**Q** 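If you scroll down you'll find the structure; I have some questions about it.
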Number of protein chains: 2
Amino acid sequence: MNVCSDTKASMARKTGSHADITGPAIRAAALRLFARSGYAAVSMRQIAAEVGVRAGALYLYTPDKQTLLFDLMHDHMTALLAAWEAVEKGTTPEAHLQAFVTFHIDFHIDRPDAVFLAYMELRNLTPENFAVVEGLRRQYENQLQSILALGQKTGAFEIDDVRVTTMALIAMLAGIHVWYRDEGRLSRDRIQTIYRELVRRTVSL
Amino acid sequence: MNVCSDTKASMARKTGSHADITGPAIRAAALRLFARSGYAAVSMRQIAAEVGVRAGALYLYTPDKQTLLFDLMHDHMTALLAAWEAVEKGTTPEAHLQAFVTFHIDFHIDRPDAVFLAYMELRNLTPENFAVVEGLRRQYENQLQSILALGQKTGAFEIDDVRVTTMALIAMLAGIHVWYRDEGRLSRDRIQTIYRELVRRTVSL
DNA sequence: TTTGTATCTGAACAAACGTTCATTTCAATC
DNA sequence: GATTGAAATGAACGTTTGTTCAGATACAAA
């Protein structure tokens, strides 16, 4: 991670230096290709070709292919948690839950490739890397679970099993990426309205 | 498909003939390994080793690796549609929907590997094979969509967008495989009860 | 015991894989 | 114009890949 972040400490980069361009370009290409064809099916040579560089050059920016995958997933999950942290959540459990749905759809619709990667390539991580990403994913689930648990305690929600309902709602929301298209029949606002209502119903009698 | 199905037409198989054993064994091993590690990450030699045979022997039972994957997915989807066809569905839209939920959970809990494969390896199919499997998947979705559409028309359900609700429910149900464990906290009956209620709520005001 | 056939092996194939590294390139600095 | 150092090349490495096929093996029929 952060292969070329010493822009401040070292002498300033001059025009003509490509490191600040190539690094992100590699990550962007890897994200696209991994999401499209799967980690195991994409070769380092393909990623390099997409960037307009030879395979060997990739190793100036990542120690190996596995780390490249891990960084993409890790950064996505970290950004997801940070973005949710920054959201205005309202005061009541009802508002809190609605905010979660709205936020989730916004964040995920803007990053289809990263979303795809983050939950399709878990099994291609090494055990250590898997544990890290899985921990972040669990943290995100827990955000929703806490909302449901609080709402249940205060009587705002009527929930049988909080854990199962959490997983059911996460799955329902995550499923959007399967059919969503940018130029599709439904606008983002419309989708958010529909899902806010679907979610509201699952926690109400 | 059906590499060794001429049992009736040709001379009867005698004891000592292994074709009737090796064929299914290969498919079972491929299913397990593909589900666990992903199509691209599993080699023909690994599958062969699992069966207790050398890689070359696999080609007595499948023309190539791609067909092996396709057959597994195709057979799963076909079995799914056939099993749903045979279900007693009740008379009202409400009963119909409850039957769908119950059936779906039963069928999918019993076949975790095939379920995993059928919706994680779609992108590793050739375009032609993808079209076939995708068509079957669409047929299954349409079963649920028809239930919702009928219930909406008769006034039994209160649904905003039938298509979106269909996809949301499918995703919710499919998500069970992410967390379900055979010896987990919840029995199958309990899970079915919880999900029947969750689904009922999403189609009721 | 010999023949015939279904089943599987073992070696080989070209191609592709992730990764390394000595060498080249070239703009920025002195 | 010479020097420097980051950036990228291109060839090479040892493996592994999917697939083929002539030959070995084992068993049923004769």
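None of the values given here were measured: they were computed from a predicted structure.
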**Q** Atom CG of A/Leu60 to atom P of C/dT25: distance rounded to whole Å?
**A** 17 Å
**Q** Can you figure out which of D/dT19, C/dG18, D/dA8 approaches the side chain of B/Met44 most closely?
**A**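 Comparing D/dT19, C/dG18, D/dA8 against the side chain of B/Met44, the answer is D/dT19.
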**Q** Quick one: is A/Tyr61 getting a side-chain N or O under 4.0 Å of the D/dA7 phosphate, OP1 or OP2?
**A**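 A/Tyr61 to D/dA7 OP1/OP2: no side-chain N or O under 4.0 Å.
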**Q** Given atom CG of B/Leu58 and atom C1' of C/dT9, what is their separation to the nearest angstrom?
**A**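 B/Leu58 atom CG is separated from C/dT9 atom C1' by 12 Å.
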**Q** Between C/dC8, C/dC17, D/dT17, which one does the side chain of B/Val53 approach most closely?
**A** C/dC8
**Q** Just the rounded figure in Å: distance from P of D/dT19 to CZ of B/Arg45.
**A**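 Spelled out: CZ on B/Arg45 to P on D/dT19 is 11 Å.
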**Q** OP1 or OP2 of C/dA16 less than 4.0 angstrom from a side-chain nitrogen or oxygen of A/Ser43, does that happen here?
**A** no
**Q** Does D/dA7 have OP1 or OP2 under 4.0 Å away from a side-chain N or O of A/Thr22?
**A** no
**Q** B/Ile47 CD1 to D/dT16 P: how many Å, rounded?
**A**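 For the pair B/Ile47 CD1 and D/dT16 P, the rounded distance is 17 Å.
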**Q** Within this structure, what is the CD1-to-C1' distance between A/Ile21 and D/dA6, rounded to whole angstrom?
**A**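 Nearest whole value for this atom pair: 14 Å.
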**Q** Distance check needed: C/dC17 P versus A/Asp64 CG, whole Å only.
**A**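 From A/Asp64 CG to C/dC17 P: 17 Å.
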**Q** Pairs in or reaching into residues 129-138 of chain A: which pass side chain to side chain donor-acceptor pair (under 3.5 Å), with residues at least two apart or in two chains?
**A**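 Found A/Gln66-A/Asn129, A/Thr126-A/Asn129, A/Glu134-A/Arg137, A/Arg137-A/Glu141.
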**Q** Would you please indicate yes or no on a ring centroid separation below 6.0 angstrom for B/Phe70 and B/Tyr39?
**A**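 No, ring centres 6.0 Å or more apart.
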**Q** Using the six-membered ring wherever Trp is involved, compare the ring planes of B/His104 and B/His108 and label them parallel, tilted or perpendicular (cut-offs 30° and 60°).
**A**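 Parallel, since the angle between the ring planes stays under 30°.
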**Q** Quick check with a 6.0 Å cut-off and a 45 degree axis cone: is B/Arg111 positioned over the face of B/Phe107's six-membered ring?
**A** yes
**Q** How long is the line joining CG of A/Asn124 and C1' of C/dG18, in whole Å?
**A**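 Roughly 15 Å, once rounded to whole Å.
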**Q** Check whether any side-chain nitrogen or oxygen of A/Arg54 sits under 4.0 Å from OP1 or OP2 of D/dA8, and answer yes or no.
**A** no
**Q** Scan nucleotides 20-26 of chain D against the protein and return all N/O pairs shorter than 3.5 Å with their distances rounded to 0.1 Å.
**A**
none

**Q** Answer yes or no: is there an ion pair linking B/Arg201 with A/Asp160, defined by an N-O contact shorter than 4.0 Å?
**A**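 No, B/Arg201 and A/Asp160 are not salt-bridged.
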**Q** Please work out if A/Val51 contacts a base, only the sugar-phosphate, or nothing of the nucleic acid, heavy-atom cut-off 4.0 Å.
**A** nothing
**Q** From CD1 of A/Ile26 over to C1' of D/dA8, roughly how many Å is that when rounded to an integer?
**A**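 Roughly 11 Å, once rounded to whole Å.
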**Q** Check residues 81-89 of chain B and write down every donor-acceptor pair under 3.5 Å in which the side-chain atom is one partner and the other belongs to a residue at least two apart or another chain.
**A**
unit_1, atom_1, unit_2, atom_2, d
B/Trp84, NE1, B/Gln143, OE1, 3.0
B/Lys89, NZ, B/Trp84, O, 3.0
B/Lys89, NZ, B/Glu85, O, 3.2
B/Lys89, NZ, B/Val87, O, 3.3

**Q** Tell me the closest heavy-atom pair linking B/Ile26 and B/Ile47, and the distance in Å.
**A**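 So the two residues come closest at O-CG2, 4.1 Å.
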